[in-house]
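Worksheet for the structure shown next.
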Amino acid sequence: MDARVLQIRALDKKTSDLKSAKNIVPQPSGWIKTVREAIGMTVSQLATRLGVTQPRITKMESNEDNLKLSTMKKAAEAMNCEFVYYFKPRTTFQNLVDEQAQKKAAEVLKTVNVNMALENQEIAEDEAVKDFATDLINTKIKQIWD
């Protein structure tokens, strides 16, 4: 079995139990402020734990989208939380690759079929797309993203 296939399967397995995370949406006031207030920690207390000023915490909370990941991690740790960051595919990584390969295969074969039609040698599209997509995945996966 191809190492890439194993890699995709491993990634899908790792993220499969995160499916429930689709219901987790960013809080309007940001995660830092939401968690800090929920656990009853003041701005001053968080500032002390992080070794920064109170105005810095206020700025962090109001500008959370622009914080470095390392800053988010430190803020989470200061509130005895774990900061989790990941890319979650809309379906699975395998489906993502399969769909893109099918799309690329169809695009390539459409061009081929135009030329073949001129010579009355058109190929059956559905099966050819499927076979070509599989070949692309197995031998030229990077080309599916062009």
Side-chain angles (χ1 to χ4, degrees), residues 1-41 43 45-47 49-52 56-146:
M1 184 173 294
D2 188 321
R4 187 174 23 266
V5 172
L6 293 174
Q7 185 180 17
I8 291 171
R9 285 184 183 170
L11 196 53
D12 278 335
K13 185 170 174 46
K14 285 180 182 179
T15 58
S16 67
D17 58 339
L18 299 173
K19 298 269 188 240
S20 62
K22 71 180 178 184
N23 297 324
I24 299 174
V25 293
Q27 299 299 302
S29 60
W31 285 106
I32 296 172
K33 184 174 183 178
T34 300
V35 171
R36 180 185 58 74
E37 288 178 345
I39 64 175
M41 186 182 288
V43 170
Q45 290 167 330
L46 181 56
R49 287 172 165 254
L50 284 173
V52 298
R56 174 68 181 128
I57 297 299
T58 303
K59 187 173 181 179
M60 285 170 57
E61 289 180 347
S62 65
N63 199 21
E64 189 173 289
D65 287 348
N66 295 316
L67 294 178
K68 292 180 182 178
L69 296 178
S70 59
T71 302
M72 292 293 288
K73 184 177 180 181
K74 288 175 188 173
E77 288 171 357
M79 295 182 287
N80 200 26
C81 294
E82 182 179 349
F83 178 67
V84 179
Y85 176 83
Y86 70 98
F87 289 95
K88 182 183 165 299
R90 290 184 178 91
T91 58
T92 65
F93 289 104
Q94 186 63 59
N95 284 346
L96 186 122
V97 168
D98 291 343
E99 288 170 9
Q100 185 63 29
Q102 294 270 337
K103 184 175 164 185
K104 184 65 174 184
E107 176 186 308
V108 170
L109 290 176
K110 182 177 179 182
T111 304
V112 170
N113 261 344
V114 167
N115 294 332
M116 302 277 289
L118 295 173
E119 300 171 14
N120 204 18
Q121 297 176 357
E122 245 180 316
I123 53 176
E125 208 169 310
D126 289 343
E127 200 60 37
V129 167
K130 193 174 182 181
D131 290 344
F132 188 43
T134 300
D135 185 54
L136 285 172
I137 291 168
N138 292 332
T139 62
K140 302 171 189 147
I141 194 164
K142 291 178 182 168
Q143 290 181 11
I144 70 173
W145 302 103
D146 288 336

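- Summarising the geometry of S29 relative to T34, their closest heavy-atom pair is OG-OG1, 3.1 Å, with the distance given to 0.1 Å.
- Y85 and F83 have parallel rings, their planes meeting at less than 30° on a 0 to 90° scale where 60° marks the start of perpendicular.
- Using a 4.5 Å cut-off on side-chain heavy atoms (C-beta onward), R49 and E77 make no contact.
- The two residues V35 and C81 come nearest to each other via the heavy atoms CG1-SG, 3.9 Å.
- Taking a 6.0 Å sphere around CD of Q7, one finds it holds 12 or fewer heavy atoms contributed by other residues, nucleotides or ligands.
- Counting all heavy atoms, side chain and backbone alike, Q102 lies closest to K130 at NE2-CA, 3.9 Å.
- Here the straight-line distance linking atom CZ of R90 with atom CG of L96 works out to 9.0 Å at 0.5 Å rounding.
- D12 CG to N95 CG: the interatomic distance, rounded to the nearest 0.5 Å, is 7.5 Å.
- In this structure, CD on E61 lies 11.0 Å from CZ on R56, to the nearest 0.5 angstrom.
- Residue A76 comes nearest to E82 through the heavy atom pair CB-C, 4.2 Å, listed as atom of the first residue, atom of the second, then distance.
- In plain terms, the two heavy atoms of M41 and Q45 that are nearest each other are CA-OE1, 3.4 Å.
- Taken to the nearest 0.5 Å, the CD atom of Q94 stands 7.0 Å off from the CZ atom of R9.
- Side-chain contact between F93 and V97: absent, with no pair of heavy atoms (C-beta onward) separated by less than 4.5 Å.
- In this structure, the side chains of I57 and M60 come closer than 4.5 Å at one or more pairs of heavy atoms.
- Separating the OG1 atom in T92 from the CD atom in E99 is a distance of 8.0 Å, to the nearest 0.5 Å.
- By the neighbour-count criterion of 12 heavy atoms within 6.0 Å, atom CG of N80 is sparsely surrounded, having that number or fewer from other residues, nucleotides or ligands.
- Between E107 and K104, at least one side-chain N (NZ, or NE/NH1/NH2) sits under 4.0 Å from a carboxylate O, which counts as a salt bridge.
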List, one per line, each side-chain donor-acceptor pair under 3.5 Å for residues 137-146, sequence neighbours excluded.
unit_1 : atom_1 : unit_2 : atom_2 : d
N138   : ND2    : T134   : O      : 3.2
T139   : OG1    : D135   : O      : 2.7

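- Looking only at side-chain heavy atoms (C-beta outward), I32 and L46 come within less than 4.5 Å of each other.
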